[in-house]
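Quick caveat: nothing in here was measured; it's all calculated off a predicted structure. Proteins get letters first, then strands, A, B, ... in listed order; numbering begins at 1 in each.
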There are 2 protein chains.
Amino acid sequence: MGQPKIRNMEEFAAISGISRPTVSKYFNDPDSVRSSTRKKIETALKKHDYQPNVFAMNQNRRKTKNIGIVVPNLADPFFAEIARRVELACIEAGYSPILLSSHGSPAMERDNLNSLRALKPAGVLLAPFGRMSDTDAIKAFDADFPLVLFDANMAGIGQAFVGTNNFQSIDLMVEYLCRSGEPPCFFEMKFPSNPNANKRRQAYLESMARHRQTPRIFQADGEGWNFEEIGSTEGGRLLAENAFGTNTVLCSNDRLAIGMLSAAYGLDLRVGHGAECHLRIAGHDDHPFSRFTCPPLTTIAQDYDGIANRAVSGLFRMLEAEERLPSREETLFEGRLIMRDSA
Amino acid sequence: MGQPKIRNMEEFAAISGISRPTVSKYFNDPDSVRSSTRKKIETALKKHDYQPNVFAMNQNRRKTKNIGIVVPNLADPFFAEIARRVELACIEAGYSPILLSSHGSPAMERDNLNSLRALKPAGVLLAPFGRMSDTDAIKAFDADFPLVLFDANMAGIGQAFVGTNNFQSIDLMVEYLCRSGEPPCFFEMKFPSNPNANKRRQAYLESMARHRQTPRIFQADGEGWNFEEIGSTEGGRLLAENAFGTNTVLCSNDRLAIGMLSAAYGLDLRVGHGAECHLRIAGHDDHPFSRFTCPPLTTIAQDYDGIANRAVSGLFRMLEAEERLPSREETLFEGRLIMRDSA
DNA sequence: CCAATTAATTTACGCGCGTTAATTTTTATT
DNA sequence: AATAAAAATTAACGCGCGTAAATTAATTGG
């Protein structure tokens, strides 16, 4: 932190006693210069605190150090949480993450990708809406930039996908619920905004078949991202009507379950796995708040860290390889059963 | 969306039949050119879809169209929600919001501000940690860029502050609680990470004095951002010990209240304002999930939209004025009492 | 219709750095 | 110590646009 303000790389190079092209090389990749010169530069860096002009830097570089991160909705704590880990992993690796939320709107997802184009990102990590996404826009983006999908898969798009194995995780939950009480019905949204929902329904059907149980699916009306609201209103209606035909409800995700718990409380239905309870409710995702619902929610924990780290490391592998992966990689992490009190 | 890819503004200017400097002027501010030429440019724009190189643009421009938004923790739905509205308001105004979360770390808040420096933002909206923030860093930033604080105030820093009037809001809640049952004690963290907590404690004390009631404050150990956890553990301990000396607890914020509700449920304490209830719990903030707690949480709603819009419009006023405001403006929105079932 | 004003054009430079090619210096190898 | 290989230096160009000054064209208003 010296006094004389350094205006550009020219001046800084002069001060550090290294030529400008070498300094430029250093900033591009510190390991690409001899350790003795690296030391010189870093000494000067400590004394004079200079950082290259981002805009001039990126103007001519083909690939910047920017990593785009696009999630459907940051107001959903699940995405906030996973985005946080992805972001930190990028910083860790010396990149500049640019976090964009699509605020629940597929159109804004497209806009976000277009905005990212202008920033010439080295790569992009995208949790897409799925069927609601602008598939062509994402495909086009995939052709132009290294793209890794996470959370929600889209067939053939992106060079890799990282997510949770819904078939394993749902099966795990169904197995547990069948062993410990009445077999579950399945509660979800009629028009889910996420492809995982479809996988989970399918997984539920298969798992119930395997257990020789008759599946029952209840689909709630309502669109958008107010899952708790929908879970509360529609789930509450079904509870009041005693429509489920079983005392065990497996919700497609925790947010629906949180809504249903709220409705059950309002109806004075005691939720839990004890003998005195009327109802068991289970969820999926281990939403950050699921530990604090009443009662605490039995659910499936997604491997946040695993997904985040794998997505980031996968992207970086292809960045280093400087070419598309020979084949699309799909990595599915297993869900863990989190037994709390609600089921 | 034409076929021949346009490489730069030169080519685009040629196609649109306007000189490059004028086109440049247009992109800087569409209203600065004659409407006839504006129309020509926009026609060409529709046909050929060109957008200027962001990096080249910002290299020489003093003020970019970037607006920095820095919040302490995006994983907290309160900040996610308010950041969302701020972001949308910026886009609405034709700026490029850059959303940065400090992930609960004041050091990262400093880093975020430093990163923003490199992007030459036109202005920055900051929800600071407060006392934990690197005050000097923020002051230095304030000197170099138009800065508006929101949510948490810091004396003399930023050209404006927008937040909630904690004295009004807490008084409103205390008033309600006193009228409708036993006067509340106050539950908070011993080392709150947010200056609003201190204001709220002060407000509680004053309000209780005004109602000629003896205040009682309970401070939970624990640091960090796991408010629910702390509310549950520490609040639960106090509940189990029957330490409060009143059946009414006013929590410093909703997240603590959510934790305490969870603990109360575990202790089989019926929470609510009915005759058959053991305990009343109230919060503050109208956290997005407070509608779905068991029972739904009585709380104070902050005016998310008001705060977001006011912060953004305040910043834009000073951007247009191109100079510091004559005096620092503080805008406090009133909280609204949200009567649900918990108190 | 002409002068006064306003806007667009032409010309030219510079921003700060990436990058390349030719050359020189340093390091590693035998 | 001689040679090969690796790294740094020098010199120079270009990226795409902002911006300024001088000039020309278009608009306004009386």
Of A:Asn60 and A:Ser19, whose nearest nucleotide on DNA chain D comes first from the 5' end?
A:Ser19
With A:Asp76 via salt bridge (charged side-chain N to carboxylate O under 4.0 Å, His left out) - residues at least two apart
A:Arg255
For B:Asn8, which residues count as a side chain to side chain donor-acceptor pair (under 3.5 Å) partner, sequence neighbours excluded?
none
What integer distance in Å separates B:Glu10:CD from C:dT10:P?
10 Å
In whole angstroms, the gap separating C1' of C:dT19 from CZ of A:Phe27 amounts to 17 Å
Within residues 114-121 of chain B: residues closer than 4.0 Å to DNA chain C (heavy atoms)
none
When A:Ile98, A:Leu116, A:Leu125 are each screened for side chain to side chain contact (heavy atoms under 4.5 Å, CB included) with A:Val70, the one that passes is A:Leu116
NA contact type, A:Pro21, heavy-atom cut-off 4.0 Å: base, sugar-phosphate, or nothing?
base
For B:Tyr50, answer base if it contacts any base atom (sugar-phosphate contacts may also be present), sugar-phosphate if it contacts only those atoms, and nothing otherwise; contact means non-hydrogen atoms under 4.0 Å.
sugar-phosphate
Distance, rounded to the nearest Å, where A:Lys65 contributes NZ and C:dG18 contributes C1'
15 Å
Using the ring-ring contact (aromatic ring centres under 6.0 Å, His included) rule, collect all pairs that involve residues 61-93 of chain A, keeping only residues at least two apart or in two chains.
A:Phe78-A:Tyr304
Side chain to side chain donor-acceptor pair (under 3.5 Å) partners of A:Ser102, counting only residues at least two apart:
A:Asn112
Contact list for residues 54-76 of chain B, test ring-ring contact (aromatic ring centres under 6.0 Å, His included), sequence neighbours left out:
none
What is the minimum heavy-atom distance between B:Pro30 and B:Arg38, and which atoms define it?
O-NH1, 3.1 Å
With sequence neighbours excluded, tell me which residues meet ring pair (Phe, Tyr, Trp, His ring centres under 6.0 Å) with B:Tyr26.
none
Expressed as a whole number of angstroms, how long is the span from B:Asp29:CG to C:dA8:C1'?
16 Å
Sub-4.0 Å heavy-atom contacts from residues 31-42 of chain B onto DNA chain D, ordered by number:
B:Arg34
Atom OH of A:Tyr26 to atom P of C:dG18: distance rounded to whole Å?
13 Å
side-chain contact (heavy atoms from CB on, under 4.5 Å) involving A:Ile307 - partner list, sequence neighbours excluded:
A:Ile82, A:Phe150, A:Val162, A:Thr164, A:Gln302, A:Phe333
Sugar-phosphate only, base, or nothing, as touched by B:Asn28 at under 4.0 Å among non-hydrogen atoms
sugar-phosphate
Would you mind reading off the distance between B:Gln59 atom CD and C:dC13 atom P, rounded to a whole angstrom?
18 Å
Provide the full list of side chain to side chain donor-acceptor pair (under 3.5 Å) pairs with a residue in residues 119-133 of chain B, sequence neighbours left out, each pair given once.
B:Glu109-B:Ser133
Chain B vs DNA chain D, heavy-atom contacts under 4.0 Å, first-to-last nucleotide span, 5' to 3', is D:dG16 to D:dT27
Residue list, ring pair (Phe, Tyr, Trp, His ring centres under 6.0 Å) with A:Tyr95, at least two apart or on another chain
A:Phe316
